[in-house]
Amino acid sequence: MPQKYSFRQRVSYWFDNYMARGPAALIGGLAVVSLVVIFLAAAIIRLGGTALSPADSETPMEFVEAAWEGLMRTLDAGTMGGDQGWGFRFVMFFVTLGGVFVVSALIGILTNGVDDKLAQLRKGRSLVLESDHTVILGWSPQVFTVISELAEANSNRKSGAVVVVMAEEDKVAMEDAIRERVPDTKGTRVICRSGNPMDLNDIELVSPRTARSIIILPGGEDPDSLVIKSALALTNNPNRRAEPYHIVTQIRDPRNMDVIRMIGQRDRVQPILVNDLIARVVAQTSRQSGLSIVYTELLNFGGDEIYFKEDPALVGKTYGDALLAYEDSAVVGIFRAGGDVRMNPPMDTVFGAGDSVAAISRDDDTIRLADAPAAVDESAVKSGAGRREAAAEKCLILGWNRCGAAIVHELDAYVAKGSLVKVVSETPGLAAQIRRQTGGLKNQKLEAEEGNIADRALLESLKARDYDHIIVLADNDLSEQEADARTLVTLLHLRDMADKDRTPFSIVSEMLDLRNRELAEAAQVDDFIVSEHLVSLMMTQLSENPNLYSIFANILDPAGPEIYLKPVGDYVETGRPVNFATVAAAARARGETAIGYRILHENHDAGKSYGVHTNPKKSASVNFAAEDKVIVIAED
């Protein structure tokens with residue numbers, strides 16, 4: 001039998017439901033109450049005749065006029081102060097009381113409504129109505145580098161650029177952090193939204209369907225899972241756009257690379273294998289100081305970057321011809337019309353119709369053929385030197401992290417047989433773990449020892465002077481600042497030991513926070529690898545130009561051409577002024593592409609990019625010293 005409810009219960013239930021409808025319903029209800037009071041008062045005054053009309057009125061007040069008088073007293077209680085006639089005053093008094101209630105309630109509702117709206121805006125849950133913007137999904141320290149580089153890349157856009165960040169963070173906290181770390185966005189607007197990057201509905205808030213590119217930042221204890229789920233939420237969304245998405249992200253476990261590629265079969269998904277990238281840069285830099293700075297110079301938007309440009313005047317010309325054809329740009333390869341990229345191809349490779357030149361330049365519009373190529377001083381060019389016989393090397397790795405095994409394997413691909421690599425770390429069960437992760441070495445013997453790398457006594461006992469290269473890795477088990485602090489202590493000990501023993505070993509260190517680099521310069525370390533910064537730079541480059549993926553894949557592939565720093569004395573005469581065109585011609589004669597040089601006495605000068613000069617003018621003359629290096633792209 002249905003339960004019966006009293007009239008009072010039903011009215012109370014109806015009132016609860018009505019109040020739950022929100023401010024709009026409440027304002028509508030107040031309007032109805034106001035109209036009822038006004039019209040009722042107007043009807044009473046009209047029916048009361050002259051007895052209820054103002055004292056100075058000789059005829060009964062019209063209904064409309066009475067309603068207007070009631071409305072005025074509803075909105076302004078002070079209006080009744082000039083009323084005359086006790087009957088009229090009595091009616092207007094009750095109208096005014098009703099008006100005080102209505103206006104007070106209205107002010108309260110509007111105030112609460114505005115507060116609720118502000119609170120909702122602070123939550124960052126409103127839809128972003130933008131197009132041609134860059135979306136960043138996720139939150140990590142890398143976001144500051146990415147935003148800073150995007151701002152630099154788009155600083156010349158007249159209408160400005162838009163970057164939208166969405167993460168499971170408080171919107172206001174994200175905005176405050178970005179303003180603190182990136183105070184100058186150079187006209188780029190940064191919009192933050194709070195949401196789950198793995199949630200289909202939350203992702204819709206940032207309008208991915210109209211975005212030019214999407215960057216997924218990893219986070220949490222299992223960063224690859226977050227990346228994969230976010231990519232799935234984008235690519236498999238039933239409301240996705242028909243055109244392919246351009247997604248840039250990073251993966252730590254190489255086993256997940258195939259998964260991320262399967263997800264992006266319909267889209268352009270470009271994952272960076274983080275450990276592999278850092279390992280290759282660390283391994284190469286440990287053997288040739290300055291390489292990390294070269295990569296940083298090419299990857300950041302503050303200087304020159306790699307661009308593509310189709311130039312009909314090159315059709316029928318060879319790659320060797322193009323190397324000296326540009327005064328302000330350094331040619332590095334050919335981008336075929338079919339999409340294939342060839343870095344440092346054979347010098348007789350011919351440009352075809354639709355082919356583009358890949359070149360390092362200030363901007364894409366600065367890649368211009370010179371009216372007259374700079375003259376080459378043939379008298380300064382040295383003939384090709386014979387290949388030096390590789391000698392066995394000894395490398396000491398202090399510290400161990402997720403990149404360690406990849407670094408050991410990368411070193412094994414470069415060093416001669418009979419080389420040695422020794423690892424020292426506090427990692428429990430170090431020897432067994434390292435041997436398990438680094439099996440199959442061909443050229444190196446592996447040794448492992450447990451110990452605190454910041455302990456001076458341990459470093460003394462290791463006899464660092466007996467090693468050719470020392471690599472100091474950041475400890476991923478510590479916080480970012482703690483890991484860098486330990487690295488700094490270790491570096492100071494090593495440099496002090498090197499100064500006392502006058503030993504020539506090189507020191508390469510991995511830093512986690514770019515801001516700590518200035519502190520580390522006091523240790524006069526040969527090179528720094530700011531790992532997260534390097535990855536962030538590459539992600540930003542790819543988000544702006546997806547065709548660069550093939551360029552970086554070529555450079556970082558051990559089987560292809562790579563960047564080397566070689567003695568400049570092998571190419572040109574030292575101790576006399578020569579222009580860079582002469583250096584480029586000498587490299588061309590060896591089948592190599594010269595892209596710059598490093599001046600050794602500037603290697604601790606941050607204002608001069610630590611001595612690294614990429615894409616110098618062809619006509620610019622330099623007086624090289626014997627210890628300076630030329631930066632080339634070559635097979636070995």
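All residue numbers refer to positions in the sequence shown, counting from 1.
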So does [X] pair up with [Y], basic N to acidic O under 4.0 Å?
| X | Y | result |
| --- | --- | --- |
| Asp321 | Arg588 | no |
| Asp311 | Lys309 | no |
| Lys617 | Asp328 | yes |
| Glu544 | Arg212 | yes |

Give the ring-plane orientation class for Tyr597 versus Phe580, where under 30° counts as parallel, over 60° as perpendicular and anything between as tilted.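 Tilted: the ring planes of Tyr597 and Phe580 meet at 30° to 60°.
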Relative to the ring of Trp139, is the ring of Phe144 parallel (under 30°), tilted (30 to 60°) or perpendicular (over 60°)?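 Ring orientation, 0 to 90° scale: perpendicular.
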Rounded to the nearest 0.5 Å, what's the gap from [atom1] on [X] to [atom2] on [Y]? Could you check?
| X | Y | atom1 | atom2 | result |
| --- | --- | --- | --- | --- |
| Asp276 | Leu273 | CG | CG | 4.5 Å |
| Ile599 | Asp628 | CD1 | CG | 4.0 Å |
| Leu299 | Thr145 | CG | OG1 | 12.0 Å |
| Leu548 | Ile551 | CG | CD1 | 6.5 Å |
| Leu542 | Asn547 | CG | CG | 10.0 Å |
| Thr210 | Leu129 | OG1 | CG | 9.0 Å |

Looking at residues at least two apart in the chain, or sitting in another chain, which of them share a side-chain contact (heavy atoms from CB on, under 4.5 Å) with Glu130?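 If we apply the side-chain contact (heavy atoms from CB on, under 4.5 Å) test to Glu130, skipping adjacent residues, the hits are Val128, His133, Val162, Arg189, Ile191.
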For Thr366, which residues count as a side-chain contact (heavy atoms from CB on, under 4.5 Å) partner, sequence neighbours excluded?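 Thr366 satisfies side-chain contact (heavy atoms from CB on, under 4.5 Å) with Ser361, Arg362, Asp363, Arg368 only.
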Test item: [X] and [Y] side chains (from C-beta on) under 4.5 Å apart, heavy atoms:
| X | Y | value |
| --- | --- | --- |
| Ile216 | Leu234 | yes |
| Arg266 | Pro244 | no |
| Ser194 | Met166 | no |
| Arg576 | Asp377 | yes |
| Met174 | Val143 | no |
| Glu480 | Pro141 | yes |
| Lys629 | Val568 | no |
| Asp176 | Val172 | yes |

When you check the side-chain N and O atoms of [X] and [Y], is any donor under 3.5 Å from an acceptor?
| X | Y | result |
| --- | --- | --- |
| His613 | Glu602 | yes |
| Gln284 | Tyr414 | yes |
| Ser619 | Glu327 | yes |
| Asp304 | Asn615 | yes |
| Glu592 | Tyr571 | yes |
| Gln270 | His246 | yes |
| Gln541 | Glu305 | no |

Counting only N and O atoms by type, is there a donor-acceptor contact under 3.5 Å from the side chain of [X] to the main-chain atoms of [Y]?
| X | Y | answer |
| --- | --- | --- |
| Thr582 | Val578 | no |
| Asn275 | Cys403 | no |
| Asp267 | Val269 | no |
| Asn256 | Val259 | no |
| Asp364 | Tyr307 | no |
| Ser140 | Gln142 | yes |
| Asp340 | Arg336 | no |
| Ser286 | Ala283 | yes |
| Thr349 | Pro346 | yes |
| Asn154 | Ala161 | no |

Shortest non-hydrogen contact from [X] to [Y]?
| X | Y | value |
| --- | --- | --- |
| Asn545 | Ile306 | ND2-O, 4.4 Å |
| Ile563 | Gln288 | O-NE2, 3.2 Å |
| Met343 | Pro561 | O-CG, 3.5 Å |
| Glu573 | Ser379 | CG-O, 4.3 Å |
| Ala594 | Ala584 | CB-CA, 3.9 Å |
| Leu217 | Met539 | CD2-CE, 3.9 Å |

How would you list all residue pairs meeting ring-ring contact (aromatic ring centres under 6.0 Å, His included) that involve residues 256-277, not counting sequence neighbours?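 Checked against ring-ring contact (aromatic ring centres under 6.0 Å, His included) - neighbours excluded - no pair reaches residues 256-277.
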As a quick check of understanding, evaluate side chain to side chain contact (heavy atoms under 4.5 Å, CB included) for Leu512 and His533, giving each step before the final call. CA-CA 8 Å; Leu512 299 180; His533 182 66; over 6 Å; no
Verdict with reasoning, Tyr564 to Leu291, per side chain to side chain contact (heavy atoms under 4.5 Å, CB included): CA-CA 7 Å; Tyr564 292 92; Leu291 185 59; over 6 Å; no
What's the verdict on side chain to side chain contact (heavy atoms under 4.5 Å, CB included) for Tyr245 and Ile214, showing C-alpha distance, side-chain angles and the deciding distance? CA-CA 8 Å; Tyr245 284 120; Ile214 301 169; 4.0 Å; yes
Would you mind telling me which of Asp355, Val350, Leu369 makes a side chain to side chain contact (heavy atoms under 4.5 Å, CB included) with Leu314?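 Option passing the side chain to side chain contact (heavy atoms under 4.5 Å, CB included) with Leu314: Leu369.
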If you count the non-hydrogen atoms of other residues, nucleotides and ligands that lie under 6.0 Å from NZ in Lys566, is the total more than 12?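 Enclosed.
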Side chain to side chain contact (heavy atoms under 4.5 Å, CB included) between Val182 and Thr185, intermediate numbers included: CA-CA 7 Å; Val182 192; Thr185 58; 4.1 Å; yes
Determine whether the aromatic ring centres of residues Tyr319 and Phe351 are separated by less than 6.0 angstrom.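 That pair fails the under 6.0 Å test.
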